[in-house]
Amino acid sequence: MDLGIEVDDSRPPHVVVAVRGEVDIATAPKLREKLVELASQGAKQVVVDLDGVEFLDSTGLGVLIGGMKRLRGLDGDLTLVCTQPRILKVFEITGLNRAFTIYETVDAALAG
Amino acid sequence: MDLGIEVDDSRPPHVVVAVRGEVDIATAPKLREKLVELASQGAKQVVVDLDGVEFLDSTGLGVLIGGMKRLRGLDGDLTLVCTQPRILKVFEITGLNRAFTIYETVDAALAG
Amino acid sequence: MEGAADRVLCLEIPPRAEFVAVARLVVSTAAKSRRALADDRVADLTLALSEACTNAIEAHGAKEEADRVTVRVDEDDERLVVTVEDRGPGFDLMELPTHPAVTDPNRLNFERGLGIPIIRNLVDEVTFTSDEGGTTVTLVLRCPPSIAGMGPDELLELEDVDLEAAWDDEVTQ
Amino acid sequence: MEGAADRVLCLEIPPRAEFVAVARLVVSTAAKSRRALADDRVADLTLALSEACTNAIEAHGAKEEADRVTVRVDEDDERLVVTVEDRGPGFDLMELPTHPAVTDPNRLNFERGLGIPIIRNLVDEVTFTSDEGGTTVTLVLRCPPSIAGMGPDELLELEDVDLEAAWDDEVTQ
Ligand SMILES: Nc1ncnc2c1ncn2[C@@H]1O[C@H](COP(=O)(O)OP(=O)(O)O)[C@@H](O)[C@H]1O
Ligand SMILES: Nc1ncnc2c1ncn2[C@@H]1O[C@H](COP(=O)(O)OP(=O)(O)O)[C@@H](O)[C@H]1O
């Protein structure tokens, strides 16, 4: 049950964080640490790619909300890439699909 | 916990059966059925590629023994491809590494 | 759960984060094996269970309590019932803070409080029973009876591995 | 298991093939979370457990019994102890058929009888207790005490998600 996190900072000002695996109470701290690290290194536009995520619950949502809040406070933003119906559903039932900008591809997120 | 089975019969007289996932009491029947089907279709030299297997227990060993026995009875053989120490250990502690021919690559199995 | 329900399965885990994934696998395997459920409904139940387990484990952390959290799956003809029981400090559902709407920018100051709304949305019924001795959350999924005509014995027989017989019967040359 | 052993975890499953994988995940997660064990030893224990569970489930099939199979994990300072208990017909370890050596071509006529030798090879101790009421298999792994200084509470606290605090403390610009 390990969470895979890959960071691609080759396309500034964006940093793409691709997440793989299950995001829950056991693994969300790892994602949070990565977002904290990126924000403290000065990253502004962070794109979190959730298409490799098999499971996401409210703990994961909390980490994403925290990341978005922090980056917006630094004049940046955190946007998402997600096409999986199961994961999109978690955003929809919490209404968070209206708080986050959710793209269908990484390219769209980089362009948007 | 699904067992992935891919059959490649493009290199006669060999048929390569690539197995992915966990082979246990729940999934071994699926592998057995595939080997039964291949034998009844006339396959003689069956190479079972275990390098995608994450777990194998005595039920899986039983299916492989059964397959080898049957194919040898038809003047064929069942050989294995396996390099993973965890899976090789199961053959070693049962002594079955001496009953099976185990190759390091599919190419070696096709040549051998 | 009252009435003629049968125990499918029981899991007692330490209140530790890494066991939530275990509970998910246990419950989703039980649901799939016992009921003819669409994958989506199994996923809904699994997410609701994950939220309930997470809360149970967090409750133990707050109370510094090393007791077990118990997850049970029961069923009857109409329902699959998942129960999560903890020995945490309990809470009052009526006293939970209400958060700003998600469209309100202030909502982003709250990263918590999403679990129970998610649970309510995903299962057909949810009951919280809580006092200082702990909390029991009961998740109910209404669904057709157990997989038709297949009791545990019959299913097992189908999957039983009689290798000799299989080879001898099925392969004829 | 006698002595001052602590229950880590308990799982009761129906005697169905698909639950063996569940039992493996439960036991390997428990072993990793409680003891400082090399990956290889966790894998050894998991394989031994899988063999014992498979036998337990097959035993129920033979007896057409819908009772639960129970998997428990206990620990003390020196040992991790995994117990698999079934309500099958029982068996006599002394009466098991002996198979030809694996190098003997006749060995290939036997596809079974590999589970118990595998168990014996992988764990430090194994005990079988069996009568007509069922069988209990006890697997013992000798290993260093629980992860040093980390009780369940302390571990949980490390992993507890206090999102607000984390962001406010750690990010300074
Ligand atoms: N099992 C429980 N034991 C004690 N308190 C609980 C339990 N479940 C929920 N709560 C309380 O209800 C609050 C809201 O829960 P929830 O909606 O799941 O959001 P979150 O867990 O993210 O705060 C929790 O913060 C906690 O105070
Ligand atoms: N829990 C059990 N209940 C009843 N019989 C058992 C049990 N475990 C093992 N046995 C008996 O011992 C035999 C040998 O077991 P094992 O070495 O695991 O090989 P296999 O299960 O492949 O036959 C089984 O075939 C069965 O007859």
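Excluded from the calculations below are hydrogen atoms, water molecules and symmetry mates; all remaining heavy atoms, backbone and side chain alike, are included. Just so it is clear, the model here is predicted, and its values are computed rather than measured. Chain naming here is simple, since letters A, B, ... match the order of the sequence lines and numbering starts at 1 in each.
The side-chain heavy atoms of D:Pro14 and C:Val8, taken from C-beta on, include a pair separated by under 4.5 Å.
Considering only heavy-atom pairs separated by less than 4.5 Å from chain D, the leading option among C:Ile13, C:Val73, C:Thr54, C:Val26 is C:Val26.
Rounded to the nearest 0.5 Å, atoms CD (C:Glu18) and CZ (D:Arg34) are 9.0 Å apart. The CZ atom of C:Arg68 lies 9.0 Å from the CZ atom of D:Arg7; values are rounded to the nearest 0.5 Å.
The side chain to side chain contact (heavy atoms under 4.5 Å, CB included) with D:Val22 is formed by just one residue from the set C:Leu9, C:Leu25, C:Val27; it is C:Leu25.
If you measure heavy-atom distances from D:Ala30 to chain C, the contacts under 4.5 Å come from both the backbone and the side chain.
Counting non-hydrogen atoms of neighbouring residues, nucleotides and ligands closer than 6.0 angstrom, the CG atom of D:Asp92 exceeds 12 such neighbours.
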